[in-house]
There are 2 protein chains.
Amino acid sequence: MNIGDAAKQSGLPAKTIRYYEEISLVVPGRSDNGYRTYSPTDVHKLQFVQRARGLGFSVEDCRALLSLYEDDHRASADVKAIATEHLSEIEAKIAELKALHKTLKHLVDHCHGDDRPHCPIIDDLAGPDH
Amino acid sequence: MNIGDAAKQSGLPAKTIRYYEEISLVVPGRSDNGYRTYSPTDVHKLQFVQRARGLGFSVEDCRALLSLYEDDHRASADVKAIATEHLSEIEAKIAELKALHKTLKHLVDHCHGDDRPHCPIIDDLAGPDH
DNA sequence: CCTTGACCTTCCAGTAACTGGAAGCCTTAT
DNA sequence: ATAAGGCTTCCAGTTACTGGAAGGTCAAGG
């Protein structure tokens with residue numbers, strides 16, 4: 001299967017699939033004319049990566065997950081460890097964004113948003129003594 | 001004031017301050033020996049940017065906010081527009097992360113995390129028909 | 001047989017916002 | 001005289017692609 005069809009079946013852009021070969025994440029075969037050839041297994045791997053990326057795993061996480069996926073003797077604990085770590089990163093990010101949101105919302109709510117120059121948002125950014 | 005002191009007063013690394021000069025965000029003068037010279041106004045701008053970045057504004061947002069900060073005749077509506085836009089981006093990001101979190105937490109909670117290979121996380125990533 | 005269009009190839013550059021490191025100059029203190 | 005610390009520039013690397021240019025390949029239609 002050529003890269004265009006692999007793209008359709010995996011939901012990934014062809015450019016991304018080429019990139020995944022470049023970083024040795026999913027490496028296809030080649031046919032005589034130099035075209036990349038994706039086996040069903042390759043396409044499964046692409047789909048796997050597409051889903052994992054969709055869950056926010058980094059490409060390096062995907063690499064680790066993919067090798068666990070291919071290892072019939074994996075320990076589910078190894079998978080869980082990666083996922084749990086990612087989960088805490090997500091939680092940390094949510095907490096950070098919520099704090100930002102709170103501060104910013106407060107400022108926005110107190111800004112008249114008219115044609116006059118006075119603005120509590122700018123005042124806050126300028127610092128306490130300006 | 002040299003870059004080291006500007007760094008201390010703004011809370012930004014010297015590397016970052018040099019970068020801000022490179023992108024014409026905060027451009028200092030130079031003394032005879034070629035050293036960057038930061039005026040009190042320059043330092044205020046650096047502090048302003050440091051705070052705005054801390055609130056998650058992009059560097060380009062900071063550039064716009066800085067020019068509004070310097071404009072005594074600005075309309076607060078212009079500031080509010082940037083902040084409101086940023087606020088919705090934060091909200092969107094939070095929503096996205098919450099959705100990811102929900103999915104991933106569900107998977108993690110159902111994974112035994114022991115030394116056996118069966119793993120619902122991997123099963124989910126592999127897709128419905130594998 | 002030739003051309004057209006849809007594929008495919010490689011390579012280069014750009015994105016956001018820095019960060020690290022190397023090589024070397026300036027200044028001050030010992 | 002030299003050592004330490006701060007300053008300079010320039011180059012490369014980070015993450016995960018994305019866009020575009022120049023050109024090869026293939027199947028169908030005139």
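Just so we're on the same page: letters track the sequence lines, and every chain starts at 1.
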Could you please name the option among [options] that lies closest to any side-chain atom of [X]?
X: A:P13; options: D:dT18, C:dC18, D:dT8; value: D:dT18
X: A:R36; options: C:dT10, C:dA17, D:dT9; value: C:dT10
X: B:N33; options: C:dC18, C:dC8, C:dC26; value: C:dC26
X: B:K15; options: D:dC10, C:dC18, C:dC8; value: D:dC10
X: B:R30; options: C:dC8, D:dT8, C:dT10; value: D:dT8

Using heavy-atom distances to pick each residue's nearest nucleotide on DNA chain D, tell me which of A:Y20 and B:G4 is more 5'.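 Result: B:G4.
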Residue whose closest nucleotide on DNA chain D lies nearer the 5' end, A:Y19 versus A:Y35: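 Result of the comparison: A:Y19.
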May I ask you to decide if [Y]'s main-chain N or O and [X]'s side chain share a donor-acceptor pair within less than 3.5 Å?
X: B:D42; Y: B:S39; answer: yes
X: B:H112; Y: A:S76; answer: no
X: A:R51; Y: A:L55; answer: no
X: B:D114; Y: B:R116; answer: yes

Atom [atom1] of [X] and atom [atom2] of [N]: how far apart are they, to the nearest Å?
X: A:N2; N: D:dC26; atom1: CG; atom2: P; result: 10 Å
X: A:I17; N: D:dT18; atom1: CD1; atom2: P; result: 11 Å
X: B:Y38; N: D:dG6; atom1: OH; atom2: C1'; result: 14 Å
X: A:E21; N: D:dT18; atom1: CD; atom2: C1'; result: 17 Å
X: A:E22; N: C:dC12; atom1: CD; atom2: P; result: 11 Å
X: A:L25; N: D:dC17; atom1: CG; atom2: C1'; result: 13 Å
X: B:L12; N: C:dT19; atom1: CG; atom2: C1'; result: 14 Å
X: B:D5; N: D:dG5; atom1: CG; atom2: P; result: 16 Å

How would you label the contact of B:R18 with the nucleic acid (heavy atoms, under 4.0 Å): base, sugar-phosphate, or nothing?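 It contacts base atoms.
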Once you apply a heavy-atom cut-off of 4.0 Å, does A:I23 come out as touching a base, just sugar-phosphate, or nothing?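 Touches nothing.
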A:E21 and salt bridge (charged side-chain N to carboxylate O under 4.0 Å, His left out): which partner among A:K45, A:K15, A:R30?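 For A:E21, the salt bridge (charged side-chain N to carboxylate O under 4.0 Å, His left out) test succeeds with only one of A:K45, A:K15, A:R30, which is A:R30.
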Those residues of residues 56-68 of chain B lying under 4.0 Å from DNA chain C by at least one heavy atom: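 Those residues are B:S58, B:V59.
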Kindly indicate whether the side chain of B:Y35, heavy atoms from C-beta on, has any atom under 4.5 Å from the side chain of B:I3. no
Closer than 4.0 angstrom, basic N to acidic O: yes or no for B:E91 and A:K98? no
B:T16 side-chain N/O to C:dA17 phosphate OP1/OP2 under 4.0 Å: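 For B:T16, the contact criterion (side-chain N or O under 4.0 Å from OP1 or OP2 of C:dA17) is not met.
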Over all atoms of both residues, closest heavy-atom pair of A:V49 and A:L66: CG2-CD2, 3.8 Å
